[in-house]
Amino acid sequence: NKPPLKPPTMLGWLALGVVVVAAAMKGLGTAVLIVIVLLTAKTVEFMRWRSRIDQIGGPEATLLGGTAKATGDVSSGDRMSKVPEIIKDFPKAYRLWAGPLFPLVHVCHPETIKPFLSSKSTNKTFLIPKMFAHLSNSIFVQNGKEWKHSRRQFTPAFHFNSLANYLVQSSELADDYVEGLPAIVEAKGGIIDVMAEVANLTASILLKSVFSYNNKDVEDWGAKFIRAAQGADDTLANRLDNPGQLLAPNWIYKHMEGGKRYYEHKAILDNLCMAMITERRAIVEKEGPSYFTDKAARGETLDFLDIVLSSTNLDGTPASDDLICGQCITFIAAGFGTTTTALGYTLYCLALHKDHQEKCHEEAKQVLAEGQPDLAALKKLKHVSMCFKEATRLYPPIPAIARDLTEDTEINGVMVDAGTTIIVTIYGCHHNPAVWKDPEAFKPERFDTEAPGYVMDPFAWILYSAGPRNCVGQKYADMQSRLLLAKLLNTFEFSVVEGVTNVRPVPKIVLQSEDGVKLRVTHRKIT
């Protein structure tokens, strides 16, 4: 079923014959001749494999440099600006080369994405446990039965009753933030980096609601966590650009300059989360074995920290402190990082498109006039939701997902070997002109489910991934996004800063903005 050999393979076999004859004529020893033959055979095998990968198509590549010249560095805005250009020529799949030996097969169309997000023929890429040591063997890293076990344990943290409880707390905290924001805006001359400001808000809400962490220093705890998490992301993005750091085992990487910085950030995250875990564990031990049942008897839902403290390994043994810590870091970082980015870019898009911002304001005003919103009320924020989805189509917080094939798989008509890394390029799919009409334009009406003839492929907009491994906290993220957008847009008007009309997205694990998202914020007059 493999495609026919291409010329490089035939040349390889010719080279093998020439080497063997030359070696025999010079009277080389049998052992040396065998080594030469084996090396040549491996070279031929390599050329055959590389030739097959190249049949997928993609930007021009050099043998040693790969496609770096054509795509730009991972940690720079160049990479994102070039993705739409590549996809115009390769709308379903394309290959990139990281040097001569590491192909990355990108899928960028619902037809080619669906098989990988729906099937069991892939695992998280081998780079993830290596790159994300600060997440330990958390649900983000796990595969197979181990991942299913964790998913089953943590899903109750995001059931309806839990979400309703989180919403009450989140709404009160959002009101406190909205009340204090004018002073922050005034102190900064009317212009703030909404991405940075929203990060503080989302982290605080996440800690106080999902983790029930109400330590008196929680704001300072959250600020330290944000700095360390973003610092870790930055060093990891730089590692992707540096083959020496990327290929080095972690015990060597930690002694390199980038590795030293990364492990400093990791230590901060570990210490912060272990302090939170130790504090909660002391409460559990003080109240005894009935802690969890007593909570249920009082009608209280177990928060995420309760659930992770009582979690087990696949064999039923209690989870280690290292794993518990990794799970906490994973959910806090994912919870505030993706929501922060999504909200920041949504406010930016609405600042550019005031007509849609006004519609969102009126909608939020009407819903919030009824009092603190419940889950049903949030569903009335239809235009807010449409604008949020369109903004995250243009600027998806997680721009790509990496998987490794566990079996030979056909991609766009080419058989690709097991072990190959597949990149589900969410950013590429969201900007694909073969999927979206006028993909660079901001058109929230794309997501109007009540429009006549509305049809959308479920794998076209994949903010929360899709299939069985979709985001376990997506309902929480959606709830928080609607709530916070409503609270902010009800009270403030957001405008672009004079002379600044666009942002420059940079894929540093999450899709950050190179210079932040600076907007002018004006307090609306209450009518």
Side-chain angles (χ1 to χ4, degrees), residues 139 150-179 198-215 218-219 221-222 225-226 273 276-277 279-280 283 291-292 294-311 327-343 346 364 367-368 370-381 384-385 388 397 463-464 470-488 490:
I139 190 171
S150 292
R151 175 86 179 210
R152 196 178 303 117
Q153 291 183 97
F154 300 147
T155 296
F158 303 102
H159 280 169
F160 181 86
N161 288 341
S162 296
L163 290 175
N165 183 46
Y166 299 154
L167 179 57
V168 172
Q169 300 173 65
S170 299
S171 193
E172 294 172 354
L173 292 167
D175 285 342
D176 291 341
Y177 178 81
V178 166
E179 185 177 342
V198 170
N200 295 324
L201 172 61
T202 55
S204 179
I205 288 177
L206 181 72
L207 289 167
K208 291 179 179 179
S209 60
V210 178
F211 285 77
S212 301
Y213 190 55
N214 292 301
N215 183 291
V218 66
E219 277 75 19
W221 191 104
F225 188 99
I226 290 170
C273 282
M276 178 174 64
I277 291 165
E279 186 176 314
R280 176 64 61 85
I283 295 172
Y291 168 83
F292 298 105
D294 287 350
K295 245 189 163 183
R298 293 194 297 268
E300 299 176 20
T301 56
L302 297 180
D303 60 38
F304 184 82
L305 191 52
D306 288 331
I307 291 172
V308 76
L309 276 174
S310 59
S311 64
Q327 302 284 22
C328 289
I329 293 173
T330 296
F331 277 85
I332 297 172
F336 92 81
T338 55
T339 304
T340 293
T341 305
L343 291 174
T346 302
V367 169
L368 295 180
E370 301 172 4
Q372 291 289 29
D374 56 15
L375 293 173
L378 290 183
K379 290 183 179 180
K380 298 177 183 178
L381 296 167
V384 170
S385 178
F388 173 76
L463 172 63
Y464 303 115
N470 61 4
C471 175
V472 66
Q474 63 176 294
K475 290 182 179 179
Y476 171 81
D478 186 66
M479 176 193 79
Q480 289 288 69
S481 299
R482 292 192 191 206
L483 172 69
L484 298 182
L485 284 171
K487 295 281 187 179
L488 290 169
N490 180 52

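It should be emphasised that the depicted structure is a prediction, and the values quoted were computed from it without experimental measurement.
Of the options Thr338, Thr340, Thr341, a side-chain hydrogen bond (donor to acceptor under 3.5 Å, both in side chains) to Thr202 is made by Thr340 and by none of the others.
To the nearest 0.5 angstrom, Ser385 atom OG is 9.5 Å from Leu485 atom CG. For the atom pair OG of Ser212 and CG of Asn165, the computed distance is 7.5 Å after rounding to the nearest 0.5 Å. We find the SG-CD1 distance between Cys273 and Ile329 to be 4.5 Å, quoted to the nearest 0.5 Å. Residue Leu305 holds its CG atom at 4.5 Å from CG of Leu309, rounded to the nearest 0.5 Å. From Lys295, atom NZ reaches atom CG of Asp303 across 4.0 Å, with rounding to the nearest 0.5 Å. Distance CD/Gln372 to NZ/Lys487: 4.0 Å, rounded to 0.5 Å.
With sequence neighbours left out, the side-chain hydrogen bond (donor to acceptor under 3.5 Å, both in side chains) criterion links Asn490 to no other residue. In this structure, Glu172 has no salt bridge (charged side-chain N to carboxylate O under 4.0 Å, His left out) partners at least two apart in sequence or on a different chain.
Taking the six-membered ring for Trp and thresholds of 30 and 60 degrees, Tyr476 and Tyr166 have ring planes more than 60 degrees apart, a perpendicular arrangement. In this pair, Phe331 and Phe304 present their aromatic rings tilted. The plane angle is within the 30 to 60° band.
Formation of a donor-acceptor pair under 3.5 Å by the Thr339 side chain with backbone atoms of Phe336 is not found in this model.
Using a 4.0 Å cut-off between charged side-chain N and carboxylate O, Arg482 and Asp478 make a salt bridge. Ion pairing between Lys208 and Asp176 fails under the 4.0 Å rule for side-chain N and carboxylate O.
When all heavy atoms of Asp306 and Phe292 are compared, the closest pair comes out as O-CE2, 3.6 Å.
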Handout entry: Chi angles and distances behind the side chain to side chain contact (heavy atoms under 4.5 Å, CB included) call for Asn214, Gln169
Key = CA-CA 12 Å; Asn214 292 301; Gln169 300 173 65; 5.6 Å; no
Using side chain to side chain contact (heavy atoms under 4.5 Å, CB included), reason through Arg151 and Val472 one step at a time and then give a plain yes or no. CA-CA 7 Å; Arg151 175 86 179 210; Val472 66; 3.8 Å; yes
